[in-house]
S.K.: 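Got a structure for you, written out below as structure tokens; questions coming shortly.
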Amino acid sequence: MANVATDIFITGAGCLLPGCNNPADLWQRLLEKNCAPVPYASEDISTRLISWFGHIGQEQAATALAAVPFKLRRYATPASQWGIKATVDALANAQLDLASIAPERIGLFTAQGDYSYPSLPSFTAGVSKALEQNSLNLPALTDEFLNHRGMDSFLSIKGLSNNSLAIASLAFGTRGDCGAYVQNKSATIAALRSAVMSLRYGYSDVALVICTGTYNEALTLAELYQQHLLSPAKQGAASQRPFDQQADGSIFGEGAIAFILETRAHAQKRNVAALAKIEGIGNKTAFSHANEHNIYSDCAQKLLKKAGLDLDTVDAIVATGAGGKKADQQEIAQLEQLLNGKLIPVTCASSITGILPACPVDMLTALQMLQHQKIPAIANLTNPIGHQLQLVQKESLTQPVQRVLTLNRCYTGFNSAVVLSSPSYQ
């Protein structure tokens, strides 16, 4: 177990999610099973294939832009603007004035979702390649941009990895330990782990963890459609049906979540009440389907053992619930392998916001569960596919919640686990 002196706490949290301006909004939607996706709309993309999406609304976007210092607005992508807004709120939640801390002692770690833009040279090359015998070869053009994605690698790195870090470091005046990560949930885990290590090894006094991203990009949406991951959304906002027999795909979205992390000593020195203690972070990648059924078990058990904990001490699990029949069946099998008959309540938040890149909605949900001592029911779950599990449906459970295990699985095979506990829990 980690030394008590180096225990890491989340002291502040903020978010900008579909239909949610703050964590309290998310919690209210979870309790009411009020799903946030809306009909898909975009000024840049015209499509009949994507009908519903977890959008950041116009008023939300305007509020996020206003949170960015004026001189930086022209350089900040929408996702970076959302991240700044979430961080401002997280700092307020933590009652933390960054001016009271030396800039060199503020850690900054960003995770940005997988979206990118084709460069002009790559677009030109793709069109030139598709022009054969004075006619446009549309299949070749489609293959170039939808399969090979026609991207300039430098632009991808610049836009994905560095924009949030650059804008945030300038907006908040940080000059300390830092890291920029990309590629959906693996980026989130990398940013979170880096922040924890920075604090434990004394490189930072506080750490900002900013997670942001969007699936609202033409090539990414086309790829998701090609892989048959999108729900036809015939039930509108209620079409994301995690762990349900009628599940037919995912609704995707966008948003940002920010956390403020501090050591126990620093939080106590500021006399601030923590939201949760981070007891462990783990991940494992399934490179083949052969060991996929036990990857949750391997990942979680390794994490719990390292933290000196037992699965019996976990009061609830927040799972992924992608909403695709195959994906959910695989996750149910993984959960059954992990729990091995133990009746630990399982919930998820994906039906409320949709699937968001790099945004740890599961962790934000866990924080609310610890605060309110309640486990929300899974929205849109009527006919569960996992009868050996205690999937929370119909009504929320009111019971002691002192420790929560969050589990996340990605289509890439990356799986992660995080254990959060009540800060007063010993």
Side-chain angles (χ1 to χ4, degrees), residues 12-17 20-22 42-44 55-120 152 154-182 187-188 191 194-195 198 203-214 216-217 254-261 356-359:
C15 71
L16 194 66
L17 302 172
C20 306
N21 295 318
N22 50 59
S42 172
E43 295 180 357
D44 304 315
H55 279 295
I56 294 297
Q58 291 183 353
E59 291 186 8
Q60 290 179 299
T63 302
L65 180 62
V68 180
F70 181 77
K71 291 184 178 180
L72 298 178
R73 293 177 187 176
R74 62 179 296 187
Y75 304 108
T77 64
S80 294
Q81 297 166 21
W82 310 333
I84 296 298
K85 169 63 167 59
T87 307
V88 168
D89 291 349
L91 289 167
N93 184 222
Q95 303 175 50
L96 179 60
D97 181 5
L98 290 181
S100 66
I101 302 173
E104 295 79 8
R105 302 296 300 167
I106 304 171
L108 175 61
F109 304 91
T110 63
Q112 199 157 329
D114 179 21
Y115 71 99
S116 52
Y117 302 92
S119 68
L120 184 59
D152 181 288
F154 174 76
L155 183 63
S156 176
I157 293 173
K158 180 181 178 183
L160 286 169
S161 301
N162 297 335
N163 193 262
S164 288
L165 179 69
I167 297 299
S169 64
L170 292 170
F172 299 113
T174 65
R175 295 200 298 270
D177 197 13
C178 63
Y181 303 93
V182 65
T188 307
S194 296
S198 182
Y203 299 132
S204 306
D205 291 333
V206 300
L208 316 182
V209 179
I210 307 174
C211 308
T212 184
T214 179
N216 193 15
E217 188 274 320
E254 57 196 8
I257 293 174
F259 298 124
I260 309 301
L261 272 56
L356 313 182
C359 292

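Scope of the values below: all heavy atoms of this structure, side chains included, with no hydrogens, waters or symmetry mates.
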S.K.: Among residues at least two apart in sequence or on other chains, which ones pass side-chain contact (heavy atoms from CB on, under 4.5 Å) with Ala187?
M.R.: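 Per chain and number, Ala187 pairs via side-chain contact (heavy atoms from CB on, under 4.5 Å) with Ala111, Tyr181.
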S.K.: Please report the closest heavy-atom contact between Ala64 and Gln81, naming both atoms and the distance.
M.R.: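 Reported closest heavy-atom pair: CB-O, 3.7 Å.
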S.K.: Just how far is it from atom OG of Ser169 to atom CG of Leu72, taken to the nearest 0.5 Å?
M.R.: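 CG of Leu72 is found 9.0 Å from OG of Ser169.
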S.K.: Can I get a per-line list of side-chain donor-acceptor pairs under 3.5 Å for residues 86-96, giving both atom names and the distance, sequence neighbours left out?
M.R.:
unit_1: Thr87; atom_1: OG1; unit_2: Gly83; atom_2: O; d: 2.7
unit_1: Asp89; atom_1: OD2; unit_2: Lys85; atom_2: NZ; d: 2.5
unit_1: Asn93; atom_1: OD1; unit_2: Ala13; atom_2: N; d: 3.0

S.K.: Looking at every heavy atom in both Gly213 and Pro357, which two are closest together, and how far apart are they?
M.R.: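 Minimum heavy-atom separation between Gly213 and Pro357: C-CG, 3.5 Å.
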S.K.: Restricting to non-hydrogen atoms, name the atom on Ala358 and the atom on Gly113 that form the minimum distance, rounded to 0.1 Å.
M.R.: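 Here Ala358 and Gly113 meet closest at CB-N, 3.7 Å.
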S.K.: Under the side chain to side chain donor-acceptor pair (under 3.5 Å) rule, what pairs show up with a residue in residues 98-109, not counting sequence neighbours?
M.R.: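 Pairs touching residues 98-109 that pass the test: Glu104-Arg175, Arg105-Asp205.
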S.K.: Who passes side-chain contact (heavy atoms from CB on, under 4.5 Å) against Tyr203, sequence neighbours left out?
M.R.: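 For Tyr203 the side-chain contact (heavy atoms from CB on, under 4.5 Å) partners, ignoring immediate neighbours, are Asp177, Ser198, Tyr201.
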S.K.: Using 0.5 Å steps for rounding, measure from the OG1 atom of Thr110 to the CD1 atom of Ile210.
M.R.: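 So the OG1 of Thr110 and the CD1 of Ile210 are separated by 7.0 Å.
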S.K.: Side chains of Tyr75 and Ile167: closer than 4.5 Å at any heavy-atom pair?
M.R.: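 Yes; the side chains approach each other to less than 4.5 Å.
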S.K.: Give me each pair satisfying salt bridge (charged side-chain N to carboxylate O under 4.0 Å, His left out) with a member in residues 67-84, each pair once, sequence neighbours excluded.
M.R.: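 Found none.
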S.K.: With sequence neighbours left out, write down each residue that passes side-chain hydrogen bond (donor to acceptor under 3.5 Å, both in side chains) with Glu254, or none if nothing qualifies.
M.R.: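 Listed in chain order: Thr214.
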S.K.: Hey, could you give me the CD1/SG distance between Ile257 and Cys211, rounded to the nearest 0.5 Å?
M.R.: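 Between atom CD1 of Ile257 and atom SG of Cys211 there are 7.0 Å.
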